[in-house]
Each structure stands twice: as structure tokens, then as C-alpha cells.
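Working notes for the structure below.
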Amino acid sequence: MSYTDKMLRDDALKGKVIVVTGGGSGLGKAMTKYFLELGAQVAITSRDLEKLKSTAQELETETGGTCLPLQCDVRHYEEVENMLQAVLKAFGKVDVLLNNAAGNFISPTERLSANAFDTVIDIVLKGTKNCTLAFGKHWIDTKQTSSTVLNIVTTYAWTGSAYVVPSATAKAGVLAMTRSLAVEWAKYGIRTNAIAPGPFPTKGAWDRLLPGDLAEKFDMAKKVPLKRVGDHQELANLAAYLVSDFSAYVNGEVVVIDGGEWLKGAGQFNLLEAIPEELWDQLEMMIKAKKRS
Ligand code: HXC
Ligand code: NAP
């Protein structure tokens with residue numbers, strides 16, 4: 001058994017209708033593929049319909065499942081409402097909203113125009129709000145129970161991070177929304193959870209966060225105690241569990257999947273890892289010698 005293996009039983013998502021925003025590429029595509037393999041019907045949405053169509057076709061061929069491509073810019077509430085209606089028309093219902101769409105790029109904050117800052121906030125925070133509000137209203141109005149919202153945040157949603165300030169600000173808002181609605185909407189049978197991934201290489205993220213030779217200069221695997229980046233299947237395994245009925249009692253949780261990366265940056269003495277094994281005998285003697293002074 002390996003972390004790249006598929007975790008859940010074959011029919012784990014049978015009968016579920018899932019919407020994955022930003023499902024045409026990267027992690028959204030990887031999660032969609034696994035949901036289809038587990039028997040779900042999945043709508044993938046983003047701004048680029050041609051990309052969505054080719055992803056849907058590829059995934060349908062690979063999995064034998066049903067994948068519906070729908071254009072929708074999550075920044076616009078009207079487009080989100082239209083997308084929801086299209087999903088209901090195609091599948092008759094929707095059970096899961098996976099807020100995965102995002103925008104991000106590295107930049108010193110003082111170099112950002114007001115519009116640049118807004119663009120990221122609008123995709124990540126306002127987009128997640130738009131989808132969550134539209135789907136939540138629908139579930140509450142139709143008295144549908146057992147619905148799930150799963151949000152993709154980042155580990156810097158709670159620590160913050162330099163050079164990606166709009167993204168950190170927006171993801172922190174999504175984290176607050178996750179925990180708030182987990183309580184408020186539980187009475188309607190809506191569970192709200194989040195995943196905070198560490199580094200999982202994708203073209204979308206790496207082109208904007210590690211452009212040029214930055215990917216070699218700042219090898220993300222070196223920042224991770226487990227000394228590797230994430231594999232898409234292990235994220236898909238976690239997402240599938242969190243949208244399945246196996247996690248029916250999990251609500252308001254934010255699951256970090258980062259090999260220990262953010263804690264390594266946080267622990268005050270974690271840098272002592274650089275001390276070679278043989279030096280510890282000397283250090284221990286020095287410390288013990290000070291005991292009586
Ligand atoms: C400074 C920039 C910029 C940059 C864009 N802008 N890129 N400013 N540095 N590198 C400015 C533009 O000049 C413009 O401001 C404003 O931002 C909007 O840019 P547009 O190109 O018009 O926006 P749009 O076409 O809507 O594209 C949105 C985008 C783009 C966010 C800029 O990168 C995108 O489409 N991203 C989607 C995919 C993505 O980002 N994936 C990565 C997710 S990774 P002005 O003032 O000139 O009009 C992630 C977490 C990863 O979220 C964590 C890893 C560990
Ligand atoms: P990605 O492939 O670039 O995914 C982002 C998706 O969002 C794209 O499919 C994009 O599609 C869509 N999108 C962007 N703006 C949109 C808009 N206005 N409306 C609708 N869709 C929009 O990058 P990724 O790495 O897979 O990221 C997926 C998620 O994981 C994001 O939430 C990201 O913050 C999170 N994450 C990633 C990592 C990582 O290491 N990769 C780490 C932590 C968190 P279009 O361009 O076609 O619209």
C-alpha cells in the first residue's frame with residue numbers, strides 16, 4: 001500500500017452530484033478524476049470553457065463517469081446562479097460544492113495596484129462567498145439535507161505569508177467562513193470543512209509562485225520535514241473522504257496536508273535540525289556542566 005494508491009471503496013460517492021470550481025486544471029482536475037472513479041457525477045467550472053470541455057472529455061474517457069463542463073466566473077454572483085441552475089437541470093440535484101478556484105501570484109505588496117489586490121480577493125474570497133451563498137440558499141430553500149461545502153485554503157491562511165498578501169488575506173477569510181458556517185448551517189444538514197494543502201506542484205501555481213528558475217532555487221521539498229512535495233492522489237483521497245458520507249460527523253474541520261511544512265517554519269528551535277548527530281554529545285556535556293553554576 002502506498003500514498004499514491006486510491007483509498008476509498010469503488011462506490012463511495014455513488015449517487016452524489018459534485019461541483020468543483022476550477023475543476024479544469026491542477027488539483028481540481030485531480031480531485032474530479034477521483035470523484036468520477038468513485039461513482040459521482042461531477043460538474044467542473046471555470047472561466048475557460050474550451051479547457052473545461054477537453055478536461056471533461058479526457059476524464060470521461062479515463063473513468064467512464066459523467067463530467068459536465070460549465071463556464072462560470074466565480075467573481076460574478078449572476079454567473080454562479082446560472083451555473084447552479086445548469087447543474088440542477090443536468091443532474092436534478094447537487095450534493096457537494098468544492099470551492100477550489102483561486103488566483104494568486106508572488107509580488108511585494110507595495111508593487112500591487114489596487115486592482116491587482118482586488119483581483120485575487122475577488123476570485124478567492126468573493127468567489128467562495130458567491131458559490132457558498134448561492135448553493136446554501138438553494139439547499140435551505142429546498143430543505144435538502146446532507147449537503148457539503150469543502151473549501152481549499154492554504155496553511156498560510158492562519159500564519160499569513162509575505163509576498164502573497166492578497167491570497168493570504170482572502171484564504172484567511174475563507175477559513176473564517178468555513179468555521180462560521182459549520183456551526184450556523186449545521187441545522188440545515190450542511191457540513192462545511194476545508195483542506196489546507198502544502199506544496200502540491202501544479203502548472204497554475206508553479207507558473208505564478210515559482211516562475212523561471214525559482215523552482216530550482218527554492219526547492220519546496222526541502223521545506224517539508226517529510227522531504228517531499230505532495231502527490232495529487234493523496235489530496236484527492238482526503239477530499240473524497242471529506243465529501244463522502246464516511247465523514248458525516250466531521251464539520252468545521254480544516255485538515256492540513258503538508259508533510260509538517262508550516263510547523264517546521266513555526267517551531268522556535270526547529271532550526272537545530274542542522275546540528276550534526278556527533279555534536280549533541282558535546283552540547284549535552286556543556287549544558288550539564290552549567291547545572292550547578
Ligand atoms: C503584479 C499583477 C501580476 C503580477 C497580474 N497583476 N499579475 N501585478 N504582479 N505577477 C495585476 C494586473 O496588472 C492587473 O492590475 C490585475 O493584477 C489583474 O490582472 P489580469 O491579468 O487582468 O487578471 P485576470 O485575467 O483576471 O487573471 C487573474 C490572475 C491570474 C490572478 C492575475 O494569475 C489568473 O488567472 N490566475 C488563476 C490561476 C492561479 O492563480 N492559480 C494559482 C493558484 S495557487 P492592473 O492594475 O494592471 O489592471 C494558490 C496557493 C498556492 O492559490 C500555495 C502554494 C504552496
Ligand atoms: P490551478 O490549476 O491554477 O487552479 C486554479 C483554478 O481556478 C483554475 O482551474 C482556474 O481556471 C480557476 N479560476 C481562476 N479564476 C477563476 C474565476 N474567476 N472563476 C472561476 N474559476 C477560476 O492551481 P492549483 O494549484 O490546482 O490550485 C487549486 C487550489 O488549491 C486553489 O484553491 C489553491 O489556492 C489551492 N492550493 C494549491 C496549492 C498547491 O501547491 N498547488 C497549495 C495550497 C493551496 P480558469 O483559469 O480556467 O478560470
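In each ligand, atom 1 is the first atom listed, and ligand 1 is the first ligand listed.
Contact annotation: for K203 versus ligand 2, there are no heavy atoms closer than 4.0 Å. Within the 4.0 Å heavy-atom criterion, the part of K171 lying near ligand 2 is the side chain and not the backbone. For V153, every heavy-atom contact with ligand 2 shorter than 4.0 Å involves the backbone, none the side chain. Using a 4.0 Å cut-off between heavy atoms, Y156 makes no contact with ligand 2 at all. Only backbone heavy atoms of P199 (N, CA, C or O) come within less than 4.0 Å of ligand 2; its side chain stays farther off.
Remark: ligand 2 atoms within the under-4.0 Å shell around heavy atoms of T154 are 43 (C), 44 (C). Close approach of ligand 2 to C72 (heavy-atom distance below 4.0 Å) involves ligand atoms 19 (N), 20 (C).
Under 4.0 Å is where a charged nitrogen must lie from a carboxylate oxygen, and between K137 and D141 no such pair does.
Using 4.0 Å as the threshold, G127 has no heavy atom nearer than that to any atom of ligand 2. Between R75 and ligand 1 there is a heavy-atom distance shorter than 4.0 Å. By the 4.0 Å heavy-atom criterion, R47 is counted among the residues contacting ligand 1. In this structure, P197 has a heavy atom closer than 4.0 Å to ligand 2.
For atom 19 (N) of ligand 2, the closest heavy atom belonging to the protein is V74 N, 3.0 Å. The protein heavy atom nearest to atom 3 (O) of ligand 2 is G204 CA, 3.3 Å. Of the protein's non-hydrogen atoms, the one nearest atom 39 (C) of ligand 2 is F200 O, 3.4 Å. Annotation: atom 8 (C) of ligand 2 to nearest protein heavy atom, S25 OG, 3.4 Å.
By heavy-atom distance, the residue among L98, L52, I152 lying nearest atom 30 (O) of ligand 2 is I152.
Close N/O approach between T119 and ligand 1 is not found [any backbone or side-chain N/O within under 3.5 Å]. Taking any N or O of N104, backbone or side chain, at least one lies under 3.5 Å from an N or O belonging to ligand 1.
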